[in-house]
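Report on the structure given below.
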There are 2 protein chains.
Amino acid sequence: MPVTLKELAARAQVHPSTVSRVANNDPSLRIAQATRTRIEALLRETEYRPNGVARGLKLRQTLVLAVVIPDITNPFFAALFRGIEDGATPRGYQVLLCNTDGIPERQRAHLQSLAARRVDGVILASTFLKDPAVRWLRHQRTPYVLVNRFSDEGVDPFVGSDDVTGAMLATQHLIGLGHVRIGHLAGQPTVSTGVLRRKGYHAALSDAGIAADLDLLVESGFVEEGGAQAMERLLSLDRPPTAAFAVTDMTAVGAYGVARRRGLRIPEDLAIVGYNDIPLAARLIPGLTTVHVPIHEFGSVAARMVLEQIETGVLTPRRVVFAPQLVVRGSSLASADEQVLGRAGARSPAE
Amino acid sequence: MPVTLKELAARAQVHPSTVSRVANNDPSLRIAQATRTRIEALLRETEYRPNGVARGLKLRQTLVLAVVIPDITNPFFAALFRGIEDGATPRGYQVLLCNTDGIPERQRAHLQSLAARRVDGVILASTFLKDPAVRWLRHQRTPYVLVNRFSDEGVDPFVGSDDVTGAMLATQHLIGLGHVRIGHLAGQPTVSTGVLRRKGYHAALSDAGIAADLDLLVESGFVEEGGAQAMERLLSLDRPPTAAFAVTDMTAVGAYGVARRRGLRIPEDLAIVGYNDIPLAARLIPGLTTVHVPIHEFGSVAARMVLEQIETGVLTPRRVVFAPQLVVRGSSLASADEQVLGRAGARSPAE
DNA sequence: TTGCGGTGAACAAACGATTGCTCTATGTTA
DNA sequence: TAACATAGAGCAATCGTTTGTTCACCGCAA
């Protein structure tokens, strides 16, 4: 059973507040050397650590951050979490992890619990466009940051990548390889990344003078299963695409499975490009060409942003947007020595 | 800013304790219907939620569980975490996630923070044999459960699989396919799974009358990079193995990479069997034959066990050991229709 | 002797809830 | 009419810290 201030005070024959001041190294404390030594010995001996709950109540800070994501088994979010924890732990924070499976109701429930727990900050990576949960979050005075996806335009603190540019890089790469019928396994239009990556896809096609074929855009969502279904749809078309841009790497993984089952060779029969560059992308055979974003850094930056809000008390809606890079692997280019194209990894301050 | 009991009491012209009793539906409360209605309206209107920190202090329970693992980006731990959260959330608990990267010092630091925070329970999946952190945990009166790995024999609450049997299934499978020179990419002898899976490997060889060749056992640790290095070692032998049992699936993934770089065909030139059956195993090409363990269930059972300890207040060192199953895929059997061998998935109460 | 300044601590009020107990009306029974 | 039960609340302690303020004492100077 952990020891309390009161018990220590009794053993040291002093008042609890004196023990507290010694423990916290209060500079305003004037104390006899002998007393101090006695108390310090006791603190060490008992390995006293102040009760975090009581401390949290008094100081109004819990030293807890919360991360809300769809699903930690998705490698993207696992890497993101590591980034967050790596940013938070050195500052004394620990991190609550909440999975929503993309269900708004669960997200809401989690956020309410978190608010009741008085977590010091929230990092949210499961938002929708027009998300009531985010609006609610704004009203609370809890520091928060949205990651990867944003909600209503530009009004929240945010860290992510330039999705339009990333999607354009991906699509232009396929166009450059001579593809004309390029499919898109698209994210939901209720999610910012879904919308913006579509936009980039369309922009690249239109820039190249390729007329958009509505059949070639199939909504897949962001996970493997949806990718597989959408790919099936594309391959069942009368004139199936020769290449596809998948809204995420996991979606691309689903597409790989379908191509394999149908006996299609990647990239000869079907070229595929993904988005995010999760570790799995490089391990696929062939390696998945994808748009690289600094996932771990998303996390550490997000952590720093929320910590900054906590420490300064100012909740400015700063946005950090990273420039994506295309990473070419075997899924688009048969003889690919892996190479990195696209803009350098510089961070740009504005969207 | 969230509302407090005191404010509500002022607005309802009653004492805070009365509001509290209404909010908590205290059956011992006798109250006029009018007053109750008035208070309830206020509670709804303000969406009052009691301050969890204050509540935690008074009630001595935080409704927080902590999970300590090596690394969430390892799919095994991601699946485990989901199991835990799925077991904990419905009971009102949220979950802190702590990554240690297998560094004892970090594990210790995390556990101390967690104790200071008064988390209600700890689920630890990063222990070593003879782990001082676990001994320390035993002295604290915090409910805890070890998962997958245990520490000193049998004295802690534990949920995991029968590692010896699992390793035997894997090795026997390779023997049954005619392999004689079977390598083992082994876990560290400081970790229970490392020790027990070696034991199973040796037992299977010895049962089959195959003399152990010390060169064929190379310590790889549990992650991809170590698997690659160990596989390099094995393949550089004068008489390299024709098959290998990897202590985890991630280790096997490392081996896949090496085999591929060296132009070896799996399973024709090198058969591989892993352990855990993470989702990635089935996606590899060829599919990875592996020992299936119910990872998600490890988590949900562990959560239930720790919740049970919390609720009953009794800390019995109950052990739940699952029987592993062999899942045969293409990495060991060229024409494999995937099949499930080995014992049925029944749960056995004892080790 | 009175007053003063510095030392070395104790005092006490929070932080926001929970809960056993007390208290005051009012209505009922003997 | 006196005693008493009951309804309907309020009171106050407590959880373990933190921190602004007060206090007692001692030595020293006026």
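- Here D:dG16 is the nucleotide among D:dC15, D:dG16, D:dT21 with the atom lying nearest to any side-chain atom of A:K58.
- Between C:dA10, C:dG16, D:dA9, one nucleotide has an atom nearer to the side chain of B:I31 than all others, and that is D:dA9.
- Checking C:dA17, D:dG16, D:dG20 against every side-chain atom of A:A54, the shortest atom distance belongs to D:dG16.
- The two atoms that bring B:S151 and B:L146 nearest to each other are N-CD1, 3.6 Å, heavy atoms only.
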Pairs: protein N or O with nucleotides 22-28 of chain D N or O, under 3.5 Å:
none

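- A:F158 does not carry A:R149 over the face of its six-membered ring by the limits of under 6.0 Å from the centre and within 45° of the normal.
- Taking a cutoff of 4.0 Å between a charged side-chain nitrogen and a carboxylate oxygen, A:R135 and A:D152 qualify as a salt bridge.
- Between A:R138 and A:D131 there is no salt bridge, since none of the side-chain N atoms of the basic residue sits less than 4.0 Å from a carboxylate O of the acidic one.
- The nearest whole Å value for the distance from the CD atom in A:Q61 to the P atom in D:dT17 is 16 Å.
- Relative ring orientation between B:F322 and B:F298 is described as tilted, the plane-to-plane angle lying within the 30° to 60° band.
- One finds no salt bridge joining A:R304 and A:E311 here, because no Lys/Arg side-chain nitrogen approaches an Asp/Glu carboxylate oxygen to under 4.0 Å.
- A donor-acceptor contact under 3.5 Å is not formed by the side chain of A:R38 with the base of C:dG8.
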